[in-house]
Participant: 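Let me give you the structure first, and then I'll get to my questions.
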Amino acid sequence: YYAYGVVQAARLAQKLDIKEIAVIEFGVGTGRGLIELESLQEQITGQFDVALRVFGFDLGDGLPAPKDVRDCPYLFRRGLYRMEKDTLQKRLKHATLILGDVQDTVERFFSAYSPPPIGFICFDMDYYSTTVSALQMLKTTQIERFLPRTLCYLDDIVGPDEACHSEYSGELLAINEFNSAAEDRKIAKIHGLAHKRIAECYWADQMYALHLFSHPQYNRFVDPEAI
């Protein structure tokens, strides 16, 4: 699913004549996902001639305490997914690890790091409250900070039977509230994705796209099947 998101982002960037994109992971934890994103850099550059910058956001000390029932405290608790910061930093080759409360780090991200257009985002914040904070990045008026359709993977909407994920808590609630408040942008599920994969993939239900309808390149024609 990380490879799919990055490949589709790079493919769109190439069609839009964009030479570099950013990919972001919200909720790094042990760092496995961030290292996977790093490993895709060389392949993406070679196949699409699109450079990749990788950023990871994390508190650095594991999950904070849940704020209320919307954070699903029956699934998550303080201290889960604690990061070995020094060990992870040594393993990272190119990715930028941004530590701290996401509510603060997101606010200064564009000015502090000057990223290229964002093409893929993984939301793995577990909680409703922290996902809401991460989504503040997507509300920027600088709409060209993103590709016109930015791929989004939602990690915490499918889980064990005990999870009983719903639209009334967790990531799904945060996404629904974002969509209700935003007029010119929506985060929508990519329908029919599973049917286009060769192998069965459970993650197809977790892949969404941020549609930025007022983006200056949103209407640029990119259909590969058109004659």
Side-chain angles (χ1 to χ4, degrees), residues 1-13 16 18 21-28 33 37 54-58 70-72 102-103 105-107 109-110 115-159 163 165-197 201-220 222:
Y1 44 91
Y2 276 29
Y4 176 84
V6 174
V7 165
Q8 295 305 315
R11 180 176 293 168
L12 177 57
L16 299 178
I18 294 171
I21 60 173
V23 297
I24 292 174
E25 182 177 54
F26 283 112
V28 174
L37 289 174
V54 180
F55 298 90
F57 289 78
D58 200 277
R70 293 172 296 180
D71 283 344
C72 300
V102 69
Q103 185 173 356
T105 54
V106 158
E107 185 176 343
F109 175 63
F110 292 126
I118 299 167
F120 173 60
I121 305 173
C122 169
F123 291 95
D124 191 6
M125 302 293 286
D126 304 304
Y127 290 158
Y128 157 81
S129 57
T130 48
T131 303
V132 167
S133 295
L135 287 170
Q136 293 303 307
M137 178 186 288
L138 280 57
K139 295 182 178 181
T140 178
T141 57
Q142 304 174 61
I143 205 163
E144 290 181 77
R145 293 286 194 176
F146 296 85
L147 295 186
R149 287 167 299 283
T150 298
L151 275 290
C152 299
Y153 170 75
L154 309 184
D155 187 76
D156 299 299
I157 64 172
V158 174
H165 288 298
S166 77
E167 296 178 347
Y168 301 99
S169 61
E171 285 183 348
L172 286 172
L173 175 59
I175 295 297
N176 284 346
E177 290 181 351
F178 174 90
N179 286 338
S180 296
E183 295 184 0
D184 69 333
R185 62 200 73 186
K186 304 291 183 182
I187 300 171
K189 183 177 179 180
I190 302 175
H191 290 277
L193 181 59
H195 301 290
K196 295 185 285 185
R197 310 270 61 81
C201 56
Y202 70 90
W203 52 263
D205 286 337
Q206 296 166 271
M207 195 65 67
Y208 284 59
L210 166 66
H211 292 261
L212 296 159
F213 301 120
S214 59
H215 194 289
Q217 296 209 74
Y218 187 84
N219 293 332
R220 183 166 170 178
V222 296

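As a basis for the values below, the full set of heavy atoms in this structure was taken, side chains included, without hydrogen atoms, waters or symmetry mates. Here the structure is a predicted model, which means the values were calculated and not measured.
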Participant: I need the minimum non-hydrogen distance between Ile21 and Ala13, along with the two atoms involved.
Facilitator: CG2-CB, 3.6 Å
Participant: For a quick test of reading the model, state the closest non-hydrogen atom pair linking Gly119 to Leu147 and the distance between them.
Facilitator: CA-CD1, 3.7 Å
Participant: Are Phe109 and Phe57 close enough that their ring centres sit under 6.0 Å apart?
Facilitator: yes
Participant: Looking at Gln136, I want to see if its CD is surrounded by more than 12 non-hydrogen atoms of other residues, nucleotides or ligands under 6.0 Å.
Facilitator: yes
Participant: Within the side chain of Lys139, is there an N or O that forms a donor-acceptor pair under 3.5 Å with the backbone of Leu135?
Facilitator: no
Participant: Rounded to the nearest 0.5 Å, how far apart are CG of Leu210 and CD1 of Ile118?
Facilitator: 9.5 Å
Participant: Listed by chain and number, what are the side chain to side chain donor-acceptor pair (under 3.5 Å) partners of Asp126, not counting sequence neighbours?
Facilitator: none
Participant: Roughly how far apart are Ile187 CD1 and Leu138 CG, rounded to 0.5 Å?
Facilitator: 5.0 Å
Participant: Taking Asp155 for its side chain and Asp124 for its backbone only, find out whether a donor-acceptor pair lies under 3.5 Å.
Facilitator: no
Participant: Show the nearest heavy-atom pair for residues Ile24 and Met137, with the distance to one decimal.
Facilitator: CD1-SD, 3.7 Å
Participant: Step through the shown structure and confirm whether more than 12 heavy atoms of other residues, nucleotides or ligands are within 6.0 Å of CD on Glu177.
Facilitator: yes
Participant: Suppose we screen for salt bridge (charged side-chain N to carboxylate O under 4.0 Å, His left out). Which residues come up paired with Arg11, at least two apart in sequence or across chains?
Facilitator: none
Participant: His211: what forms a side chain to side chain contact (heavy atoms under 4.5 Å, CB included) with it, not counting sequence neighbours?
Facilitator: Arg149, Ala188, Ala209, Phe213, Tyr218
Participant: With rounding to the nearest 0.5 angstrom, report the CZ to CD1 distance, Arg185 to Ile143.
Facilitator: 4.5 Å
Participant: Can you name the closest pair of heavy atoms from Tyr2 and Cys122 and give their distance?
Facilitator: OH-SG, 2.9 Å
Participant: Just verifying a value: how many Å separate Leu154 CG and Thr131 OG1, rounded to the nearest 0.5 Å?
Facilitator: 8.5 Å
Participant: Let me confirm one number: the CZ-SG distance from Phe146 to Cys152, rounded to the nearest 0.5 Å.
Facilitator: 8.5 Å
Participant: Determine whether a donor-acceptor pair (N or O, by modelled atom type, separation under 3.5 Å) exists between the side chain of Asp71 and the backbone of Tyr128.
Facilitator: yes
Participant: Which pair of non-hydrogen atoms, one from Thr130 and one from Val102, has the smallest distance, and what is that distance?
Facilitator: O-CG1, 3.9 Å
Participant: Between Trp203 and Tyr4, how do the two ring planes meet: parallel, tilted or perpendicular, split at 30° and 60°?
Facilitator: tilted
Participant: If you look at every heavy atom in Phe120 and Leu37, which pair is closest and at what distance?
Facilitator: CE2-CD2, 4.1 Å
Participant: Taking the side chain as every heavy atom from C-beta outward, state whether Arg145 and Pro115 have any atom pair closer than 4.5 Å.
Facilitator: yes
Participant: In Å and rounded to the nearest 0.5 Å, what is the CD to CD1 distance from Glu171 to Ile157?
Facilitator: 7.0 Å
